[in-house]
Amino acid sequence: MQNKKDVFPRAGRIIFMKNEPGYGRIEVKEVIEKNELLRLLLVDDTRESAVYMEEGRHYDLVFKYTQDFAIPLHRRPGIKQTLMLGGAGFSFPKYYIHNYPDKHIDVVEFNPGMYQLALHYFYLDDLYREYNLTEDRRLEVFIEDANDYLKRTDRTYDLIINDAYVSNRMDDDLLKDRQVRNIKKCLNPGGIYIINLITAVKGPRSMPGILEYEILKRNFKNTDMFACKKECGPLERQNMILIGTDGDWWGTDRMSS
């Protein structure tokens with residue numbers, strides 16, 4: 001197993017940087033946090049993705065909000081088909097393929113450069129080799145705008161995850177009422193739609209979450225919303241998870257944030 005002290009001198013080193021017009025400054029950087037060696041994918045200094053560099057942990061989830069994406073998989077073992085809007089470093093697809101051998105995931109990523117970074121720096125190439133994904137095709141990647149994909153696809157899913165960000169800006173079109181209806185058409189009966197939205201719990205910075213939650217309530221029978229980080233204050237912007245489904249969500253116990 002790789003020893004952290006052997007690679008400690010790399011901490012803080014930028015191993016890739018590119019200024020992409022219309023997209024932002026893209027960096028891949030290695031850091032030490034909480035005694036863990038991480039590789040970060042940054043866009044204009046905002047964390048898009050992260051991976052543990054220690055051997056045996058390449059498919060573990062670093063960020064709390066990506067861990068929350070897996071909640072429906074525990075609540076609904078029957079989920080087989082998942083769509084993820086926004087790939088970046090492919091942290092959740094790697095976790096999904098590694099931990100759920102009977103499930104399939106499609107990923108829509110707008111920027112082909114992000115897909116290449118995931119392959120070269122975030123161990124996505126290892127995932128392809130380890131699980132023979134070129135032939136097995138449990139992971140399929142579509143390089144296109146998520147809105148275009150939703151309009152043209154005839155595939156349906158048990159779970160759709162919306163994490164389509166550039167830096168700290170989400171694709172606003174995906175949040176509109178019309179597009180939420182289009183997303184719902186791509187869900188199987190009782191399917192679950194999840195949004196990762198950067199917003200506050202209360203106060204003036206909470207408006208994006210309030211508005212989107214109202215859209216979900218208009219389109220789904222059951223909705224939920226919770227903060228990913230309990231340590232954040234209610235007025236502080238953070239990752240919030242929004243859920244919409246026409247099926248059962250809470251079961252016997254409402255989900256705890």
Flag, side chain of D106 to backbone of L83, donor-acceptor distance under 3.5 Å: no
Same apolar cluster: I32 and V28, side chain cutoff 4.5 Å: yes
Step-by-step ring pair (Phe, Tyr, Trp, His ring centres under 6.0 Å) determination, Y59 to Y123: CA-CA 8 Å; Y59 307 145; Y123 307 104; 7.9 Å; no
Side chain H104, main chain T82, donor-acceptor under 3.5 Å: no
Full working for side-chain contact (heavy atoms from CB on, under 4.5 Å) between N147 and Q179: CA-CA 8 Å; N147 296 285; Q179 194 61 299; 2.5 Å; yes
Polar side-chain atom of E20 near backbone of I26 as donor-acceptor pair, under 3.5 Å: no
Pairwise distance CG(L133) to CG(L124) - rounded to 0.5 angstrom: 8.0 Å
Donor-acceptor pair, side chain of E54 and main chain of L37, under 3.5 angstrom: no
Contact check, side chains of I194 and I71, non-hydrogen atoms, under 4.5 Å: no
Cluster overlap L211 with I198, hydrophobic side-chain contacts below 4.5 Å: no
Distance in Å, K185 NZ paired with L150 CG, rounded so as to fall on 0.5 Å steps: 11.0 Å
Whether Y149 and Y157 hold their rings parallel, tilted or perpendicular, with breakpoints at 30° and 60°: tilted
Minimal non-hydrogen separation, L41 against A88, with atom names: CD2-C, 3.9 Å
4.5 Å side-chain heavy-atom contact, M114 and V43: yes
Side-chain donor or acceptor of T245 paired with backbone N/O of G191 under 3.5 Å: yes
Shortest non-hydrogen contact between Y213 and T223, atoms and distance: OH-OG1, 3.1 Å
Stepwise side-chain contact (heavy atoms from CB on, under 4.5 Å) test for F69 and D163: CA-CA 10 Å; F69 289 159; D163 193 31; 4.1 Å; yes
Any side-chain donor near an acceptor of the partner, T66 and Y95, under 3.5 Å: no
Under 3.5 Å donor-acceptor, R75 side chain and D248 backbone: no
Reference residue Y115; test ring-ring contact (aromatic ring centres under 6.0 Å, His included); the match among F110, F90, Y121, F122: F90
Nearest-0.5 Å distance that lies between atom CZ in R152 and atom CZ in F142: 6.0 Å
Heavy-atom closest pair, residues D68 and P72: O-CD, 4.0 Å
For the student: nearest non-hydrogen atoms of L85 and A146, plus distance: CD2-CB, 4.1 Å
Exercise: identify the closest heavy-atom pair between L127 and P93: CD2-O, 4.4 Å
Minimum-distance pair of heavy atoms, taken over all atoms of Y65 and C228: CB-SG, 3.5 Å
Within 6.0 angstrom of R137 CZ, more than 12 heavy atoms from elsewhere: no
Same cluster (ILVMFWY, side-chain, under 4.5 Å), M207 and L197: no
Atom pair CD (Q81) and CG (L187), whose distance is rounded to the nearest 0.5 Å: 12.5 Å
R205 CZ: over 12 foreign heavy atoms closer than 6.0 Å: no
R47 CZ to K29 NZ distance, which is reported to the nearest 0.5 Å: 8.5 Å
Verdict with supporting geometry, D126 and K94, side-chain contact (heavy atoms from CB on, under 4.5 Å): CA-CA 10 Å; D126 290 347; K94 288 183 299 180; over 6 Å; no
Side-chain heavy-atom pair E130, H58 within 4.5 angstrom cut-off: no
Hydrophobic cluster identity match, V51 and I15, side-chain contacts under 4.5 Å: yes
Aromatic ring pairing Y100/Y96, orientation class (parallel under 30°, perpendicular over 60°, tilted between): tilted
Distance (rounded to the nearest 0.5 Å) between I192 CD1 and I160 CD1: 11.0 Å
Residues M225, T199; criterion side-chain contact (heavy atoms from CB on, under 4.5 Å); working and verdict: CA-CA 11 Å; M225 179 177 179; T199 183; 4.3 Å; yes
Check against salt bridge (Lys or Arg N to Asp or Glu O under 4.0 Å), D158 and R76: CA-CA 9 Å; D158 305 309; R76 299 262 198 92; over 6 Å; no
Backbone N/O of K103 and side chain of R138: donor-acceptor pair under 3.5 Å: yes
Lys NZ or Arg CZ of K184 over Y193 ring: under 6.0 Å, within 45°: no
N/O donor-acceptor pair under 3.5 Å between D44 side chain and R25 backbone: yes
